[in-house]
Amino acid sequence: MAERSAQLNGDHQAAQVIPVADEDVRAIYDFSRALPSHAVEELLSLGVCNQCILRLFGIGEHLCYCCSLSPSLLNSVFGDSTETRKQRSTSGTNEEHQNFSGSSTSRGSKIVCSLCLGILQSIYCDDKKLVVEKDSAKDLAISIAELVKHEGYQIEGFSLEVSLPPVIVENETSFWLYMKRKYGSELWFQGKSHNECISVKDALKISLVKPLETFLDCESNRSTIRIRLTYTQPEALSQNSTEKNEGVKRRKIGTGNGLETADDDLKCSDFSMSDADAAVEKPLESLQTSESSENFKFSSKLVSEPCQLVFSCYRTHIYFGGRYLKYSRNVSQTRWIIDDERMGEASVEELIGCNILPLCRGDTYKFHAAGREDIDVRMLGSGRPFLVEIQNARHVPSEMSVKNLEKEINELEKKLVGVKNLKIVGSQGWTLMREGESEKQKQYAALVWISRPLKDDDFQSISSHKDMLIMQKTPVRVLHRRSPLEREKIIHWMRMERISGHSQYFLLHLCTQAGTYIKEFVHGDLGRTHPSIGSILDCRAEILQLDVTDVKMDCFLTEEGYP
């Protein structure tokens with residue numbers, strides 16, 4: 001210990017133990033020399049890695065460079081070789097250190113850190129549960145960049161996301177409390193706060209962002225490309241936590257900022273707490289300062305495996321908005337399968353979505369529309385607003401590519417559907433479509449037959465009704481899938497158009513509130529809709545064909561205001 005203290009407190013001549021190549025290494029070295037030697041010795045003997053020592057004591061500006069240094073150079077900074085650390089962690093100087101160091105076993109040339117569980121050392125288990133050791137964060141960044149490039153993402157920026165197991169925060173809080181109890185009376189520790197320490201998550205981001213920006217040749221920003229690192233708790237640690245907390249009863253107290261155990265044995269906090277306590281992250285200041293440091297014993301059964309790491313890349317959803325037209329009476333809006341048999345010859349969803357998806361090289365898509373029409377109803381005129389949500393697109397097409405795609409869809413051989421004003425829209429397009437859906441008006445053209453010849457008065461009778469209220473019970477034809485409710489709807493206006501040579505047929509043009517059942521408004525649905533065309537004309541009325549001719553909403557229009 002005396003030899004170690006002399007080494008840490010020596011003058012700048014001792015700087016020759018490392019090759020000072022630039023200002024960052026010099027700054028890290030000077031920072032480490034200013035640390036209290038006995039505290040550093042304690043941390044090393046407890047199996048804490050060099051990176052965690054630096055972040056716990058508050059180094060921030062040079063942490064990125066620190067995590068990119070090779071292990072040998074970092075060991076030189078602390079004047080402590082890997083082999084010496086192995087011997088120290090194996091032998092120990094007292095029983096407490098010996099128990100705690102049992103949690104840090106050798107993994108090739110490295111020892112898994114007791115605090116970060118190898119995360120800042122770039123040690124992790126892959127999906128095959130094999131231990132992977134990277135020399136530095138830079139090497140880990142290379143592996144991540146290779147994944148992004150292999151997936152073929154068009155990338156102009158990225159956002160780094162990190163998910164850590166709760167045990168990391170728990171370990172750190174318990175450990176800091178241990179240090180506070182042990183060194184709180186010493187001058188160098190006074191005034192220090194756990195909140196001032198750089199977290200494992202932030203330290204990992206700091207160490208990876210710069211290398212990733214270099215390897216991917218773009219900046220870290222609020223991009224739609226998300227690089228996600230998901231660390232999960234080692235199995236042995238999970239099993240240990242489960243065994244340790246069997247039979248422990250908990251009760252909720254206070255205002256919801258913590259859990260307090262009914263078992264006093266948990267006051268003897270292990271270095272690793274249970275997963276059940278993870279949800280609370282009890283603030284350090286809320287712990288009882290009157291408890292003695294002897295109550296905080298470190299378990300000798302802690303695991304030595306690093307966390308399992310899965311890193312992935314994905315793009316947040318991109319949306320294509322526009323208006324669709326449906327020219328066929330045998331095309332459903334969405335894919336319709338009953339008893340493994342397709343209803344209709346195609347669907348709007350597939351004809352549009354299946355053409356957009358390959359252009360974006362996405363995983364899958366979802367189709368959303370502002371309402372729907374029956375399979376036997378055409379969608380004409382201005383078209384119906386829709387969104388196609390592309391999930392995890394590798395490529396974001398240009399405006400010209402989208403226009404070409406619109407043309408290709410409109411020139412499909414069977415001419416079943418058409419598209420207007422197709423473009424990439426932000427998530428606000430979804431909000432705009434949903435906000436306008438409940439307030440929209442819809443116009444229709446219906447071919448109607450009545451049981452008697454038309455009279456001249458019928459035309460005046462129908463057109464005289466303005467903003468007429470009707471009551472509609474859930475139609476018989478949809479009672480099997482809709483709640484039996486009574487709805488009040490508005491018929492804004494109507495007019496009749498003669499069909500030459502036919503005295504009992506006419507075209508009914510009308511504008512209604514969204515959600516009106518038009519077929520039932522014509523024939524009355526056994527009296528479940530009142531009034532109806534049949535009751536107004538005092539005869540039997542049947543609808544033969546129906547077309548939607550306009551959906552009055554402000555979304556996905558051209559600059560001139562027309563679809």
Side-chain angles (χ1 to χ4, degrees), residues 22 24-25 27-28 31 48-74 77 107 109-110 112-113 115-127 131-151 153-165 167-169 171-172 197-234 306-316:
D22 54 41
D24 289 290
V25 179
I28 294 170
F31 184 88
V48 179
C49 69
N50 298 323
Q51 292 91 331
C52 280
I53 292 176
L54 291 172
R55 70 179 181 83
L56 284 174
F57 282 101
I59 190 170
E61 181 181 356
H62 302 281
L63 187 60
C64 171
Y65 195 85
C66 165
C67 293
S68 299
L69 295 179
S70 66
S72 59
L73 185 53
L74 267 179
V77 167
R107 291 288 181 184
S109 61
K110 294 183 181 180
V112 178
C113 175
L115 269 184
C116 68
L117 299 182
I119 292 174
L120 297 183
Q121 298 169 292
S122 301
I123 308 175
Y124 59 90
C125 289
D126 60 16
D127 55 357
V131 176
V132 178
E133 296 185 12
K134 301 292 185 181
D135 285 339
S136 65
K138 178 180 178 181
D139 293 327
L140 178 58
I142 291 175
S143 298
I144 297 171
E146 288 175 350
L147 169 69
V148 176
K149 293 178 179 179
H150 177 73
E151 290 289 329
Y153 286 96
Q154 171 192 342
I155 179 170
E156 297 178 353
F158 68 91
S159 176
L160 182 62
E161 298 178 342
V162 176
S163 175
L164 301 182
V167 70
I168 297 296
V169 175
N171 281 359
E172 195 165 277
C197 297
I198 300 174
S199 67
V200 174
K201 178 182 290 189
D202 289 341
L204 183 63
K205 287 185 175 183
I206 291 171
S207 65
L208 288 175
V209 165
K210 289 297 182 183
L212 283 174
E213 287 181 336
T214 299
F215 299 136
L216 296 175
D217 194 24
C218 61
E219 293 185 355
S220 172
N221 51 39
R222 291 184 176 272
S223 171
T224 58
I225 290 290
R226 308 293 172 85
I227 298 174
R228 185 169 183 81
L229 278 63
T230 304
Y231 289 88
T232 53
Q233 186 168 311
C307 291
Q308 183 171 344
L309 169 62
V310 175
F311 46 86
S312 58
C313 183
Y314 69 97
R315 186 189 299 277
T316 55

A.B. asks: Starting at CD1 of Ile123, measure out to SG of Cys116 and round the result to the nearest 0.5 Å.
C.D. replies: 8.0 Å
A.B. asks: Return the minimal non-hydrogen interatomic distance between Ser223 and Gly157, and the atom names on each side.
C.D. replies: OG-O, 2.9 Å
A.B. asks: Quick one, Val169 and Leu164 - any side-chain contact, counting heavy atoms below 4.5 Å?
C.D. replies: no
A.B. asks: How long is the span from the CG atom in Asp126 to the CG atom in Leu309, to the nearest 0.5 Å?
C.D. replies: 9.0 Å
A.B. asks: Between Leu208 and Ala137, which heavy-atom pair has the shortest distance, and what is it?
C.D. replies: CD2-O, 3.4 Å
A.B. asks: Between CD of Glu219 and NZ of Lys210, what distance do you get to the nearest 0.5 Å?
C.D. replies: 8.0 Å
A.B. asks: Can a donor-acceptor pair be found, under 3.5 Å and without considering hydrogens, that links the side chain of Glu213 to the backbone of Ser220?
C.D. replies: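 Present.
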A.B. asks: Are the side chains of Lys201 and Tyr231 in contact, using a 4.5 Å heavy-atom criterion?
C.D. replies: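 Sidechains of Lys201 and Tyr231: no contact.
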A.B. asks: At what distance, to the nearest 0.5 angstrom, does CD of Gln51 lie from OG of Ser207?
C.D. replies: 8.5 Å
A.B. asks: Using every non-hydrogen atom in the two residues, find where Cys307 and Pro165 come nearest and quote the distance to one decimal.
C.D. replies: SG-CG, 4.0 Å
A.B. asks: Give, for atom CZ of Arg55 and atom CD1 of Ile198, the distance between the pair rounded to the nearest 0.5 Å.
C.D. replies: 8.5 Å
A.B. asks: Any side-chain heavy atom of Ile119 sitting closer than 4.5 Å to one from Val162?
C.D. replies: no
A.B. asks: If you look at every heavy atom in Cys125 and Val131, which pair is closest and at what distance?
C.D. replies: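 Heavy atoms only, the tightest pair is SG-CG2, 4.0 Å.
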A.B. asks: Quick one: does any side-chain atom of Lys149 pair with a main-chain N or O of Phe215 as donor and acceptor, under 3.5 Å?
C.D. replies: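 Yes: the side chain of Lys149 pairs with the backbone of Phe215.
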A.B. asks: How many angstroms lie between atom CG of Leu212 and atom CG of Asp217, to the nearest 0.5 angstrom?
C.D. replies: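 CG of Asp217 is found 12.5 Å from CG of Leu212.
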A.B. asks: Determine whether Lys134 and Ser143 make a side-chain contact, defined as any pair of heavy atoms from C-beta on separated by less than 4.5 Å.
C.D. replies: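 A side-chain contact exists here, since the closest heavy-atom pair is under 4.5 Å.
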A.B. asks: Are there over 12 heavy-atom neighbours, none belonging to Glu156, within less than 6.0 Å of that residue's CD?
C.D. replies: no
A.B. asks: Excluding sequence neighbours, so at least two apart, what forms side chain to side chain donor-acceptor pair (under 3.5 Å) with Tyr124?
C.D. replies: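 For Tyr124 there are no side chain to side chain donor-acceptor pair (under 3.5 Å) partners, ignoring immediate neighbours.
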A.B. asks: Taking CD in Gln154 as the centre, count heavy atoms belonging to other residues, nucleotides or ligands within less than 6.0 Å. Is the count above 12?
C.D. replies: yes
A.B. asks: Go through Ile144 and Leu160 one step at a time and tell me if the side chain to side chain contact (heavy atoms under 4.5 Å, CB included) criterion holds.
C.D. replies: CA-CA 11 Å; Ile144 297 171; Leu160 182 62; 5.6 Å; no
A.B. asks: Taking all atoms of both residues into account, what is the closest heavy-atom pair of Leu120 and Cys52, and its distance?
C.D. replies: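 In terms of heavy atoms, the two residues are closest at CD1-SG, 4.0 Å.
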A.B. asks: Could you list the residues that satisfy side chain to side chain contact (heavy atoms under 4.5 Å, CB included) with Cys313, not counting sequence neighbours?
C.D. replies: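 Expected list: Val148, Tyr153, Ile225, Ile227.
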A.B. asks: Could you pull out all residues at least two apart from Ser312 that satisfy side chain to side chain contact (heavy atoms under 4.5 Å, CB included)?
C.D. replies: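 By the side chain to side chain contact (heavy atoms under 4.5 Å, CB included) rule, Ser312 matches Arg228.
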A.B. asks: Where is the tightest heavy-atom contact between Val112 and Leu117, given as atom of each residue plus distance?
C.D. replies: CG1-C, 3.7 Å
